[in-house]
Amino acid sequence: RPRVLSGIQPTADSFHLGNFLGALRQWVTLQDEFETFFFVADLHSITMPHDPKLLRERTLVSVAQLLAAGVDPERATIFVQSQVPAHTQAAWVLECLTGFGEARRMTQFKDKSAKGGEGAASVGLFTYPILQAADILLYRPQYVPVGEDQRQHLELTRDLAQRFNSRFKKTFRLPEPYIMASTAKIYDLQLVEKQMSKSIGGSGCIWLLDDPAVSAKKVRSAVTDSETEVRFDPVEKPGVSNLLNIHSALSGTDIDELVAAYAGRGYGDLKADVAQVVVDFVTPFRNRVHELLDDRSELEAILSAGAERATEVAQATLRDVYDRVGFLPRA
Ligand code: ATP
Ligand code: MG
C-alpha cells in the first residue's frame with residue numbers, strides 16, 4: 001500500500017471543528033487505502049514561546065483526540081515527533097543544503113514573525129519548514145495531504161529531496177501533494193472571511209473539547225448577512241454558506257437538499273439546526289476523549305509502539321543519509 005504521512009501541532013487545549021473536518025476526519029479515511037503515519041508535531045510547537053507543562057498535557061490530549069476521531073492504532077502508526085530523534089538529526093543535514101534566501105522566502109515565517117518583528121522570532125521558527133521536510137522525507141511517503149497553506153512547504157521539501165538525491169545518491173522519494181476530494185474548509189463564525197484557526201480562537205471558533213452548550217451558542221451567534229434567504233453562495237453569503245457546509249459535513253446531507261429544506265425559512269432555523277448537529281457531534285467526541293484520558297497508560301502504550309515503528313522506518317532512512325553525506329559510522 002502506498003504510504004501517507006501527516007502531522008498536527010499540539011498548540012491549543014483542543015482541536016477545532018476545522019481541524020476535524022479538514023484533517024482528522026480525512027486521516028481516518030486514509031487508513032483504509034494507505035499505510036499511514038500520523039504524528040503530533042511537538043517539536044514544531046516550541047518555535048513560539050510556550051509553557052512546558054501545557055505542552056506535555058496538550059500533546060497527550062492531541063493524541064486522545066486523534067483516537068476519538070477514529071484514527072486506529074491497529075492500522076495507523078501514531079507517534080509523538082520528539083520521541084523519534086531521527087527527525088531533528090535529518091533536519092540538520094537538510095538545513096545545510098538549504099539556502100538562506102530560500103528559507104527566507106517561506107511566507108509562514110513572514111506571517112508568524114510579523115507581530116514581534118523578525119528580530120523577536122526564533123531561529124527555530126525560521127528553519128521550521130526544513131524540519132518539516134525532514135519529518136516527511138524520512139518516511140519516504142508517496143503522498144502528503146496538505147492544505148493550501150502548506151503547499152509552499154511541500155515544494156521546499158521536494159526541492160531539498162531532489163537536491164540531496166542529485167548531490168549524493170538517490171535516497172529520498174519525492175512526495176506528492178494529496179488533495180482530498182471533499183476537504184471542507186471551515187471559516188471563522190465571526191470573521192467569515194478567515195479560516196477557523198487555533199491562533200485566532202475566540203467566539204468564532206468551535207473547540208471540540210468545549211462545553212457543547214458554549215459551542216451551540218457560538219453557532220447561534222454566527223455572523224450571516226442582511227438578507228433572509230438560505231442559499232449556498234460562498235462569495236456573496238460566506239456566513240450562511242459556512243453554516244451549510246458545517247451542517248452538510250457533519251450530517252452527511254447534501255447542500256442542495258439542505259437549501260431546499262430551508263426554503264421559506266429564516267436563518268434562525270438554520271442556526272438552530274447547525275447548533276444541534278454540532279452538539280450531536282461534539283458531545284460523544286468529548287466524552288470519548290475524556291474516557292481515553294482516564295487511562296493514560298493505555299495512551300502511552302500506543303505512543304510507545306508508534307514511536308518504535310516510526311523509529312524503525314525513520315532510522316533506516318537516516319542511516320542512508322548519514323552514510324551518503326560521509327559521516328563515519330560508529331565501529
Ligand atoms: P494555527 O492557527 O496554529 O496555524 P490551525 O488551526 O490553522 O492552527 P494547523 O495546525 O495549522 O491548525 O492545521 C492542522 C490541520 O488542520 C491542517 O491539515 C490544516 O489544513 C487543517 N485545518 C486547519 N484549519 C482548518 C479549517 N479552518 N478548515 C479546514 N481545515 C483546517
Ligand atoms: Mg494553520
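Along the sequence shown, the residues carry numbers beginning at 1. Order of listing sets the numbers, starting from 1, for every ligand and every atom in it.
Scored by the salt bridge (charged side-chain N to carboxylate O under 4.0 Å, His left out) test, Arg220 finds no partners at all (sequence neighbours excluded). Every residue two or more places apart in sequence or in another chain that forms a side chain to side chain contact (heavy atoms under 4.5 Å, CB included) with Val223 is listed here: Gln190, Val192.
Listed by number with element, the atoms of ligand 1 under 4.0 angstrom from any heavy atom of Lys185 are 28 (N), 29 (C). The ligand atoms of ligand 1 that sit less than 4.0 angstrom from a heavy atom of Ala23 are 15 (C), 16 (O), 18 (O). The distance from ligand 1 to the heavy atoms of Ser199 drops below 4.0 Å at these ligand atoms: 1 (P), 2 (O). Counting atoms of ligand 1 from 1 in the listed order, those under 4.0 Å from a heavy atom of Ile186 are 26 (C), 27 (N), 28 (N), 29 (C). Ligand-side atoms of ligand 1 in range of Met196: 24 (N), 25 (C), 26 (C), 27 (N), range being under 4.0 angstrom from any heavy atom. Remark: ligand 1 atoms within the under-4.0 Å shell around heavy atoms of Ser197 are 2 (O), 6 (O), 7 (O).
A donor-acceptor pair under 3.5 Å is formed between the side chain of Asn165 and the backbone N or O of Thr171.
For Tyr187, no nitrogen or oxygen atom sits less than 3.5 Å from a nitrogen or oxygen atom of ligand 1, counting backbone and side chain alike. Considering both main-chain and side-chain atoms, Ile200 never comes within under 3.5 Å of ligand 1 through any nitrogen or oxygen pair.
Contact annotation: Ile8 has at least one heavy atom less than 4.0 Å from an atom of ligand 1. Remark: distances from the non-hydrogen atoms of Gln26 to ligand 1 are all 4.0 Å or more.
Both the backbone and the side chain of Asn19 come within 4.0 Å of ligand 1, judged by heavy-atom distances.
Under the 30°/60° scheme for interplanar angles, the aromatic rings of Phe327 and Tyr322 are found to stand perpendicular.
Between Asp32 and Arg75 a salt bridge is recorded (basic side-chain N to carboxylate O distance below 4.0 Å).
Between Trp207 and Lys198, the closest side-chain pair of non-hydrogen atoms falls below 4.5 Å.
What you find for Ser82 and Leu43 is that their closest heavy atoms are CB-CD2, 3.8 Å.
Side chains of His290 and Asn287: no donor on one and acceptor on the other come within 3.5 Å.
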